[in-house]
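All values derive from a computational prediction rather than experimental measurement.
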Amino acid sequence: MGDFLRVNMAPVMFAALVVFLLLGYPVAFALAANGLLFALIGIELGLFQENFLQALPERIYGTMNNDVLLAVPFFTFMGLILERSGMAEDLLDTIGQLFGPIRGGLAYAVIFVGALLAATTGVVAASVISMGLISLPIMLRYGYDRRLASGVIAASGTLAQIIPPSLVLIVLADQLGRSVGDMYEGAFIPGLVLSAMYAGYVFIITLIAPGRAPGLPPEAQTLRDADGKTRRLSLLVVALISLALAYGYMKLFTKLTAGADFVILTMSLMVAISFVIALVNKFLKLNLLSRMAEQVVFVMVPPLALIFLVLGTIFIGVATPTEGGAMGAAGAILLAYGKKRMTFELLKQATESTAKLSAFVLFILVGARVFSLTFYGVNGHLWVEHLLVGLPGGATGFLIVVNVMVFLLAFFLDFFELAFIIVPLLGPAAEKLGIDLIWFGVILGVNMQTSFMHPPFGFALFFLRSVAPKNAYRDKVTGRMMEPVTTGQIYWGAVPFVVIQCIMVALVVIFPSMVMHYKASAIQLDQKAIDKQFDSIQIPGLGGTGLPGGFDLNAPPVIGTPPKP
């Protein structure tokens, strides 16, 4: 037995961890106990040096001293405040009115609002619960298929996993040793493409089975002018005018011409101009905008302003992710105060929930540090690296095997556990194969998103189950008795969106430019120019000319001769 363990300590240790997790032990304690147990076995067998354990306090202190992870409580707090500020309710109501008349309009509104909430809250639970409470009864009221409605809400909530400021992207960047800002910038386009794919699926459903996603009836469209018309065209006119003015200003009065800075500042200026137009129209009673257009502008500006405050400042390099999270938390408090919903009880609930989640993350990370110390001490990282680097197909074979493995593990582990246990083992092998770690991190982020949608353990499905009607109920508006939403309908509704997420993983692998554009904004250094500048530096005395005062660096030292007075 001892000889077997000496040869196979690393795989046995990893297998033991899997067994502990399948038995239902808490992840943090399973990791720490497994690490300490095999450290003692390794010391007994002469495979592990006991002085390695002296590094454990320093590793744990280093975890608690990590400034990057400080962004996790900031973004969590921001999301919880926004969830209770009514922003999601206002967005869903207004955007639902905007898209409602077309087939699948409410589903499009949920996806659109899900993407906006993802870019402001970054918390899956907040998005799914908010949209489940607000949108699901409306979708059921007007005849939406229960599986489609459940799937759209759960999938749109999980966009908070991949659209910045995602918590999982912060953890992935930290575990892979890369910049959070680069990870955010690389994940932005895949997040938007995934949202578009969700909308494309809804569009296909409306073509094949229009009865599963009907449009809102006229009586449900309340945002009308006095003459009963909606005049949606005025919103398009305002958007085009604002875009033209913002683009013209950026071209004429700034030196920026392209890149992320140009796009972010142009969009921010466009939002500000639209808001000014709507304010002038309202207070001067010009009646240039329809009631719907005015409402859409006023509802959209706060979350878009918060997105610029958080993501815009990170992307253009003004703030670090931690500073951006702090500004976002402060901005969320101001928004809640502006809506007159900022109470001491709300602040207390958000603070307590943030403390619980932060402690949960920290305990898992501490357990992972204990496990990794022993695992690395018995050369487990070399075992994993040799195992993965030696796969047939090189980098392509590695990516296929890793993604299949992460997809299967996501049935049993959530994204925090995957990020802290699996990613540190995969990163060195990926880097050795020449894979860009930002691209690799985004691929894993999209893949881990499925952990929220996997039946039967997907957390997004649990969140939706907690707010979906379990029994028959009477609708408040129509007075009709409505059938409940079954757990089976929620699970089957999630399956098409899990397939879409898997397709998105394949697209990111096939088209790496969706992520690699982040390098375009990086500062490019000309090594030849740097070398030339160093070559041109002349240090006095090294060429034999001597320094001022007659001191010559090239002269041999004279020992024992006192200096002349």
Side-chain angles (χ1 to χ4, degrees), residues 66-92 113-131 156-174 180-181 183-184 187-188 191 264 268 271 299-315 318-362 415-416 463:
N66 190 335
D67 289 340
V68 173
L69 293 177
L70 191 60
V72 172
F74 282 142
F75 285 125
T76 304
F77 181 81
M78 179 179 75
L80 293 170
I81 290 289
L82 290 175
E83 177 198 354
R84 294 165 173 81
S85 70
M87 186 183 73
E89 184 176 348
D90 294 341
L91 277 170
L92 284 165
V113 172
L116 268 182
L117 290 177
T120 50
T121 65
V123 182
V124 173
S127 299
V128 174
I129 291 173
S130 298
M131 294 190 292
S156 300
T158 61
L159 288 172
Q161 283 298 99
I162 193 62
I163 294 180
S166 160
L167 299 184
V168 73
L169 294 178
I170 297 173
V171 175
L172 282 171
D174 177 68
V180 177
M183 191 71 77
Y184 277 179
F188 202 74
I264 291 169
S268 304
V271 170
V299 165
M300 289 282 290
V301 165
L304 290 175
L306 199 59
I307 289 171
F308 170 72
L309 185 66
V310 176
L311 297 181
T313 53
I314 294 173
F315 284 175
V318 174
T320 65
T322 303
E323 292 165 347
M327 290 192 295
I333 292 174
L334 292 176
L335 283 180
Y337 185 78
K339 290 180 176 290
K340 298 180 180 179
R341 299 191 183 186
M342 190 64 210
T343 62
F344 179 76
E345 187 61 29
L346 185 152
L347 190 64
K348 178 184 174 183
Q349 290 175 1
T351 305
E352 288 179 350
S353 299
T354 301
K356 288 178 183 177
L357 180 66
S358 302
F360 165 75
V361 172
L362 188 61
F415 72 94
F416 276 129
F463 297 146

### Task
Report the distance from atom OG1 of Thr354 to atom CE of Met78, rounding to the nearest 0.5 Å.
11.0 Å
### Task
Using side-chain contact (heavy atoms from CB on, under 4.5 Å) as the criterion, list what pairs up with Glu352, not counting sequence neighbours.
Lys348
### Message
Within this structure, what is the OG1-CZ distance for the pair Thr351 and Phe344, rounded to the nearest 0.5 Å?
### Response
8.5 Å
### Summary
Rounded to the nearest 0.5 angstrom, the CD1-OH distance for Ile163 and Tyr184 is 12.5 Å
### Query
Checking side-chain contact (heavy atoms from CB on, under 4.5 Å) for the pair Leu346/Thr343: CA distance, chi angles, key distance, verdict?
CA-CA 5 Å; Leu346 185 152; Thr343 62; 3.5 Å; yes
#### Entry: Contacts of type side-chain contact (heavy atoms from CB on, under 4.5 Å), residue Phe188, not counting sequence neighbours
Pro164, Leu192, Leu311, Phe315
### Query
What pairs with Val299 under side-chain contact (heavy atoms from CB on, under 4.5 Å), at least two apart in sequence or on another chain?
Asp90, Leu91, Thr94, Gln295
Atom pairs and distances, donor-acceptor, side-chain atoms in residues 320-338, under 3.5 Å, two or more places apart:
from   : atom 1 : to     : atom 2 : distance (Å)
Thr320 : OG1    : Glu323 : N      : 3.2
Thr320 : OG1    : Glu323 : OE1    : 3.4
Thr322 : OG1    : Asp67  : O      : 2.9
Glu323 : OE1    : Thr320 : N      : 3.0

### Task
State, yes or no, whether a side-chain contact exists between Val271 and Phe308 at a heavy-atom distance under 4.5 Å.
no
#### Entry: Point-to-point distance, once rounded to the nearest 0.5 Å, from CG of Asp174 to CG of Leu169
12.5 Å
### Message
As a quick check of understanding, evaluate side-chain contact (heavy atoms from CB on, under 4.5 Å) for Leu116 and Leu304, giving each step before the final call.
### Response
CA-CA 8 Å; Leu116 268 182; Leu304 290 175; 3.9 Å; yes
### Validation row: Phe77, Leu347 side chains within 4.5 angstrom (heavy atoms)
yes
### Query
So, does Ser353 use its side chain to make a donor-acceptor pair with the main chain of Ala350 at under 3.5 Å?
no
